[in-house]
Protein chains: 2
Amino acid sequence: MEDLPADIADNEMAQALRHAGYRLTQPRLAVLRVLEQSAEELSPLGIYERGRAIYDRLGLVTVYRTLEILDALGVARRVHIHGRCRGYARAEGDQHYLVCRRCGTITGFPCEGLGPLIVSVQERTGFTVDAHLLELTGLCPECQMAR
Amino acid sequence: MEDLPADIADNEMAQALRHAGYRLTQPRLAVLRVLEQSAEELSPLGIYERGRAIYDRLGLVTVYRTLEILDALGVARRVHIHGRCRGYARAEGDQHYLVCRRCGTITGFPCEGLGPLIVSVQERTGFTVDAHLLELTGLCPECQMAR
DNA sequence: GTGCTTGCAAACCCTTTGCAGTGAA
DNA sequence: TTCACTGCAAAGGGTTTGCAAGCAC
C-alpha cells in the first residue's frame with residue numbers, strides 16, 4: 001500500500017472500511033478515490049474505467065464487490081433518475097441527493113424536515129419506519145442556462 | 001374485450017391508458033388487474049406469472065412494454081428496498097410508498113410536508129426541482145408481531 | 001504464513017429488439 | 001380495414017459465480 005498517497009488511505013470512506021474489518025487494498029482504494037473525486041453518479045462500468053487510471057490492474061468484478069461493501073457500510077449509495085437506478089455516488093452522512101437529470105451532477109442536502117412526516121406516517125399506518133430514500137430530480141443552474 | 005368484466009376496463013388505470021390514446025387490449029388489462037389486486041410490489045416476472053392466470057396468452061415482453069407505458073403515464077411506479085429496485089406497484093396519485101422490508105407490503109401515503117424542504121433546497125442550490133422520489137422502508141404491523 | 005481479496009472467464013439472468021401474425025377501434 | 005399491439009425467438013448487456021493466484025496483515 002506504499003505506492004498510493006497517504007491521504008487516500010486516510011479518508012473517511014477508507015476509515016469506514018478499515019473499521020469494519022476489511023482490508024485496504026489497492027483496488028478498493030481506487031474505487032474510493034473515484035467516488036471521492038466525482039461530482040456525478042457513476043455506473044459500475046464508469047467507476048471501473050476511471051479506476052483503471054488509478055490502479056490499472058483493477059477488475060470490473062472487484063468494482064461490483066467493493067460497491068456492495070460500500071453500500072452495506074453506508075459509505076456509497078445507489079442513485080436513481082426517474083425511478084431507475086443509474087449508478088452509485090458517495091453517501092454523505094445523513095444527506096440526500098439532488099440529481100440533475102440533464103448532466104447527472106449530484107448535490108447533497110441535509111435530511112431535515114422529514115421527521116414530522118415520518119412520525120405522522122407511523123402513527124397513521126402502524127408501520128415502524130427505519131429507513132428512507134429521498135431523491136430530488138431537476139435541473140442544475142448550468143443546465144437551466146443551457147436551454 | 002367482451003370477455004373481461006367491465007369493471008376492469010373501467011378502472012382508473014385503464015382510463016389513463018385510454019385517455020393517452022393507447023388501446024385497451026387484453027394483455028394490458030391483465031397487467032392492470034394484477035397491479036390492482038396486489039398489495040405488494042411485483043417484479044415483471046411476477047406480474048407475468050400472475051397475469052397468465054387472467055389472460056393465458058400473455059407474454060413477458062408485453063409485461064415489460066406495458067410497465068414502461070404505465071410508468072410513463074404515472075400509473076405505476078418502481079419500488080425500491082434498500083436502494084435496490086425491487087419491482088413495480090400501482091402509483092396512487094400523489095402518494096409515496098411505505099414498504100415493509102420483511103413481507104413487501106406496500107402502503108401509500110400522501111405527499112405532504114415536502115414542499116418547504118424542496119423550496120429551501122431550491123433556494124440554497126439554485127437547482128430547479130421537478131420530481132422527487134420518497135420511499136420509506138420499515139416493518140408493517142404484522143411483521144413487527146412476527147419478531 | 002494465513003486467509004481475505006482479486007481477476008479472469010464463464011455462467012446467469014433480466015431486459016430489449018426484430019419481425020410476422022393478431023386484434024382493437 | 002387499418003395499424004397499433006402482441007408474442008416468439010434471439011440478441012444484448014449488466015451482474016454474479018467458480019477458482020487459482022496474489023497480497024494485506
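So you know, we letter chains A, B, ... as the sequences are listed, proteins then strands, and number each from 1.
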| task | Start with the C-alpha distance between A/Leu70 and A/Leu32, add both sets of side-chain angles, then the distance that settles side chain to side chain contact (heavy atoms under 4.5 Å, CB included), and finish with yes or no. | result | CA-CA 9 Å; A/Leu70 296 181; A/Leu32 289 183; 3.7 Å; yes
| Are B/His96 and B/His132 close enough, and set up right, to give a side chain to side chain contact (heavy atoms under 4.5 Å, CB included), and what steps lead you there? | CA-CA 10 Å; B/His96 290 290; B/His132 57 272; 3.1 Å; yes
Rounded to the Å, how far apart are [X] [atom1] and [N] [atom2]?
X       : N      : atom1 : atom2 : result
A/Glu49 : D/dG14 : CD    : P     : 10 Å
B/Arg52 : D/dG7  : CZ    : P     : 9 Å
A/Arg57 : C/dC8  : CZ    : C1'   : 14 Å
A/Leu58 : C/dT5  : CG    : C1'   : 13 Å
A/Leu24 : C/dT5  : CG    : C1'   : 12 Å
A/Asp71 : D/dT15 : CG    : C1'   : 15 Å
B/Leu67 : C/dT15 : CG    : P     : 10 Å
A/Ile69 : C/dC4  : CD1   : C1'   : 10 Å

| field | Check: A/Arg65 side chain, C/dG7 base, donor-acceptor under 3.5 Å | value | yes
| task | Please state whether the base of C/dC4 and the side chain of A/Arg23 form at least one donor-acceptor pair under 3.5 Å? | result | yes
| A/Thr25 side chain near C/dT6 phosphate (N/O to OP1/OP2, under 4.0 Å) | yes
| said: Taking 4.0 Å as the cut-off, does a side-chain nitrogen or oxygen of B/Arg84 come that near to OP1 or OP2 on D/dT15? | reply: no
So what does [X] touch, heavy atoms closer than 4.0 Å: a base, only the sugar-phosphate, or nothing?
X       : result
B/Leu45 : nothing
B/Tyr55 : sugar-phosphate
B/Arg28 : sugar-phosphate

| task | For A/Val61 and for A/Thr66, find the nucleotide of DNA chain C with the closest heavy atom, then tell me which residue's nucleotide is more 5'. | result | A/Thr66
| query | Start at the 5' end of DNA chain C and walk down; is the nucleotide closest to A/Thr62 or to B/Tyr64 reached first? | reply | A/Thr62
| Parallel, tilted or perpendicular: rings of B/His80 and A/His80 (30°, 60°) | perpendicular
| request: Please assess B/Asp71 against B/Arg78 for the test side chain to side chain contact (heavy atoms under 4.5 Å, CB included), listing each intermediate value before the final yes or no. | output: CA-CA 8 Å; B/Asp71 190 22; B/Arg78 270 171 246 268; 3.2 Å; yes
| task | Flag the pair A/Thr66 / A/Ile69 as yes when at least one side-chain heavy-atom distance between them is below 4.5 Å, and no otherwise. | result | no
